[in-house]
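Order of appearance sets the numbers: ligands from 1, and atoms from 1 within every ligand. Computed from a predicted structure; not experimentally measured.
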Amino acid sequence: MTTFRQLLPAPSASALPYDTLVVGAGFAGSVLAERLASQAGQRVLVVEKRRHVGGNAFDRHDDAGVLVHPYGPHIFHTNSSEVFEYLSQFTRWRPYQHRVLASVDGQLLPIPINLDTVNRLYGLRLTSMELEDFFHGVAEKTDHARTSEDVVVGRVGRDLYEKFFRGYTRKQWGLDPSELDASVTARVPTRTNRDDRYFTDTYQAMPLHGYTRLFESMLSHPNIHVMLGTDYREVVGTVPWKHMVYTGPIDDFFDGRHGKLPYRSLRFEHVTVPAPGGTLLQSVGTVNHPNEYAFTRVTEFRHLTGQRHEQSSLVYEFPRADGDPYYPVPRPANTTLYRRYEAEAEQLSDVTFIGRLASYKYYNMDQVVAQALSSFKRLALRPPAPAREAAQSRLPAVA
Ligand code: FAD
Ligand code: UDP
C-alpha cells in the first residue's frame, strides 16, 4: 500500500489518470479498491480524511499495548460464504462467539432474551415449550409490526420490553422505540432455548491480527494509492479520474441541499485497568445497561481479541446527536429525505454510492462487504469511461 498525505505533485497525476477515485478507506471503499485494482487492472486512488485506513472498523494498540477498537467494538459475523471467503484472502481468523449480558433489576441476564433470561428474572423454572406459552400470554400482537416498540411487545410483551429495550433504545437513539422503524430492535432476536450467543451466524470470527492489518493487506496492491488525512474535496479537482466511488455521508456529498440527514453519534470513553495474571473484569465481552447510566454498554476488548495481557481495556459508549456520523437513524421521515438524495445520486453515472453512510442503511460490516462485491461486478461490466478532469464535472463538491 502506497500512502501519502500531500498530493501535489501527485505521483504521475498528469501522465496517468486514476481509473477510480475511492472516497473513504472503510470496508466499502477498501473492498472496491482491492477488486478494481486486482481484478480489473485499474489504477485506484483512495482518499481518506482520517489519518488511518479501516473506517469505523479501525483497530490499534492503545498506550498499554492492548488491541482496542477506537470507534467501538466490532465483531465480525456473517452467513455469507462469499464474504467470508473473500475476506479470508487478507486475514487469518480467531473463532469468537460474542455474548452479552444486560444489567436488569440488579441481575446480569442474557440478551437476546432467552429461557434463562426469563427464568432468572422472574424466578421461574419454565421449559422451552412453557416459555413459548408464556410469550403467547404476554405478547401484544399487532397486525403489522411497524415500529421498534411493536416488534418487541409483539414478541415478549410490555414488561420485558420496558426492562430490556425501552431505556436502551431511548438512550441510544434519543428517540422512543415507537418512533423508530421495526428493523432496529428486530436486529435482536428472542429465543426460547438457552442459546446465549449474541449472533447465530455461520461464520463468527475476529481477524487474527486485527482489522487494520486486514485492511493493510487488502490495500497492499501496486495499483492502489492511499491518501490519508485528506478530504476528497481537496483533490477532486486536481487529480484526473474516470469514476468515483463515494462512501461518505450521502447528504454531505450534495452539500445538504435537501436538508441534513440525521446520523446518531457516540462518544467513546476508553479505560485501561490492571488485570494481574491476564484476568478479565467482565464475564462476557459486553455488558448492556438499558436502565442506568448515560452509557449504553461496556465492552472489554480482550474477550473479543483473545489477547493475553496484564492490563485490560474497556470502552463505554455514550450516545449523542453531534459528532462523527456512526448510525443512520431508520425512521420514515429520514427514509423519505434519503430517497431525495438517492434520486440525485442515480443521475450521476460517474459516481457510485456505497457503504453504510452513502446508502443510509444500518449495515453490518459483512453487508457492506457484500454490497461492495456486488457493486464491483456491476462496475466491471461497464464500458471504460474516458478520463476527464474532475474540475469540469457536475459534482457539487468542486469549488
Ligand atoms: P465507514 O467505516 O464509516 O467508512 C467510511 C470512510 O469514509 C470513513 O473512514 C470516513 O472518514 C471516510 N470519509 C467520509 N467522508 C469523507 C470525505 N469527505 N473525504 C474523505 N474521506 C471521507 N458491524 C458489524 O458487522 N459488527 C459489529 O460488531 C459492529 N459494531 C459497530 C459498532 C459501532 C459503535 C459502530 C458505529 C458500527 C458498528 N458496526 C458493526 C458497523 C460497521 O462499522 C459498518 O458496517 C462498516 O464499518 C461500514 O463501512 P463503510 O466503509 O460503509 O463506512
Ligand atoms: N437494543 C436494546 N437493548 C439491548 C440491545 C439492543 O434496546 O440490550 C436495541 C437498541 O435499540 C439497539 C438495537 O436494539 O440500538 C440494535 O442493537 P445492536 O446490538 O444490534 O446495536 P449495535 O451493535 O448496532 O449498536
Side-chain angles (χ1 to χ4, degrees), residues 21-32 46-58 69-78 98 100-104 109-113 148-149 151-152 161 163-173 175 177 180 183-189 198-199 201 204 206 211 215 227-236 245-250 252-253 263-266 268 285-291 296-297 299 304 315 317 319 324-327 329-330 354-359 361-369 371-372 397:
L21 173 66
V22 172
V23 179
F27 269 108
S30 300
V31 169
L32 258 177
V46 180
V47 182
E48 168 56 60
K49 69 178 181 187
R50 291 171 173 164
R51 298 199 170 273
H52 58 74
V53 296
N56 289 335
F58 168 69
H69 302 171
Y71 304 103
H74 278 69
I75 297 119
F76 186 79
H77 56 100
T78 189
H98 194 52
V100 180
L101 292 172
S103 169
V104 171
L109 300 169
I111 177 90
I113 290 172
S148 270
E149 175 180 338
V151 167
V152 183
Y161 160 73
K163 285 178 161 52
F164 288 85
F165 285 88
R166 186 158 182 262
Y168 187 112
T169 302
R170 289 174 74 104
K171 261 196 276 189
Q172 170 71 14
W173 301 95
L175 294 168
L180 279 166
S183 59
V184 175
T185 52
R187 288 167 61 89
V188 182
Y198 205 65
F199 309 111
D201 299 40
Q204 302 186 46
M206 298 290 288
Y211 289 98
F215 280 97
M227 200 174 174
L228 297 175
T230 310
D231 194 298
Y232 82 100
R233 291 176 174 87
E234 296 169 44
V235 305
V236 76
V245 169
Y246 179 83
T247 75
I250 189 166
D252 211 17
F253 183 90
Y263 295 86
R264 192 68 171 161
S265 191
L266 297 167
F268 299 104
T286 298
V287 174
N288 288 358
H289 293 273
N291 306 311
T296 48
R297 59 185 178 187
T299 298
L304 281 53
V315 65
E317 297 178 44
D324 278 359
Y326 292 136
Y327 291 85
V329 183
I354 59 158
R356 174 150 147 151
L357 303 171
S359 314
K361 300 272 180 329
Y362 191 173
Y363 281 153
N364 293 327
M365 293 181 281
D366 65 317
Q367 294 172 300
V368 169
V369 173
Q371 187 194 29

Which atoms of ligand 1 sit under 4.0 Å from any heavy atom of [X]?
X    : result
Y71  : 33 (C), 34 (C)
Y363 : 41 (C), 44 (C), 45 (O)
F27  : 49 (O), 51 (O)
L357 : 3 (O)
Y232 : 17 (C), 18 (N), 19 (N), 20 (C)
L266 : 34 (C)
G355 : 52 (O)
Y326 : 36 (C)

>> For Y327, run the ring-ring contact (aromatic ring centres under 6.0 Å, His included) check against Y263, Y71, Y362, Y363 and tell me which one passes.
In response: Y362
> Which of these, F76, F268, Y211, sits in a ring-ring contact (aromatic ring centres under 6.0 Å, His included) with H69?
Replying inline: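 The option that passes is Y211.
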Among all the protein's non-hydrogen atoms, which is closest to [atom], and how far away is it?
atom                    : answer
atom 18 (P) of ligand 2 : Y198 OH, 3.7 Å
atom 51 (O) of ligand 1 : A28 N, 2.9 Å
atom 12 (C) of ligand 2 : Y168 CE2, 3.8 Å
atom 8 (C) of ligand 1  : E48 OE1, 3.5 Å
atom 20 (O) of ligand 2 : R187 NE, 2.8 Å
atom 21 (N) of ligand 1 : K49 N, 3.1 Å
atom 8 (O) of ligand 2  : N288 ND2, 2.9 Å
atom 52 (O) of ligand 1 : R356 N, 2.9 Å
atom 42 (C) of ligand 1 : H74 NE2, 3.5 Å
atom 4 (O) of ligand 1  : G26 CA, 3.7 Å
atom 30 (N) of ligand 1 : P73 O, 3.0 Å
atom 14 (C) of ligand 1 : G248 CA, 3.7 Å

>> Could you go through N288 and F164, starting from their C-alpha distance and side-chain angles, then the distance that decides it, and tell me whether this counts as side chain to side chain contact (heavy atoms under 4.5 Å, CB included)?
In response: CA-CA 9 Å; N288 288 358; F164 288 85; over 6 Å; no
>> Would you compute the distance between atom NE2 of H289 and atom CG of L101 and round it to the nearest 0.5 angstrom?
In response: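 So the gap between those two atoms works out to 10.0 Å.
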> Between CG of D366 and CZ of F199, what distance do you get to the nearest 0.5 Å?
Replying inline: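 Output value for this atom pair is 9.5 Å.
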Can you tell if the side chain of [X] reaches within under 4.5 Å of the side chain of [Y], non-hydrogen atoms only?
X    : Y    : result
F165 : V151 : no
I75  : Y198 : no
Y161 : T169 : no
P177 : V152 : no
T286 : E317 : no
P319 : Y326 : no
L228 : T230 : no
P73  : V315 : yes

Over all atoms of both residues, closest heavy-atom pair of [X] and [Y]:
X    : Y    : answer
Q204 : H77  : CG-CB, 4.2 Å
T247 : G24  : OG1-CA, 3.5 Å
Y246 : D252 : OH-CB, 3.8 Å
A372 : A28  : CB-O, 3.9 Å
V46  : A25  : CG1-CB, 3.8 Å

> Strictly under 4.0 Å, does any heavy atom of T230 approach an atom of ligand 1?
Replying inline: yes
> Hey, does F76 sit under 4.0 Å from ligand 1 if you only count heavy atoms?
Replying inline: no
Nearest to [atom] by heavy atom, [options]: which?
atom                    : options                : answer
atom 3 (O) of ligand 1  : L32, V369, D366, N56   : N56
atom 3 (N) of ligand 2  : W173, Y161, F164, Y362 : F164
atom 10 (C) of ligand 2 : I75, V104, I113, T169  : T169
atom 26 (N) of ligand 1 : N364, V47, I75         : I75

> Taking N or O atoms only and a 3.5 Å limit, does I111 qualify as a polar contact for ligand 2?
Replying inline: no
Proximal ligand 2 atoms for [X], defined as those under 4.0 Å from one of its heavy atoms:
X    : result
V184 : 11 (O), 13 (C), 14 (O), 16 (C)
Q172 : 15 (O)
Y327 : 22 (P), 24 (O), 25 (O)
V188 : 6 (C), 14 (O), 17 (O)

>> Under 4.0 Å, counting heavy atoms only: does R297 come that close to any atom of ligand 2?
In response: yes
>> Any protein heavy atom at under 4.0 Å, with atom 28 (O) of ligand 1 as the reference point?
In response: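 So atom 28 (O) of ligand 1 has protein heavy-atom neighbours under 4.0 Å.
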>> Any donor-acceptor pair under 3.5 Å linking the side-chain atoms of R356 with those of N56?
In response: no
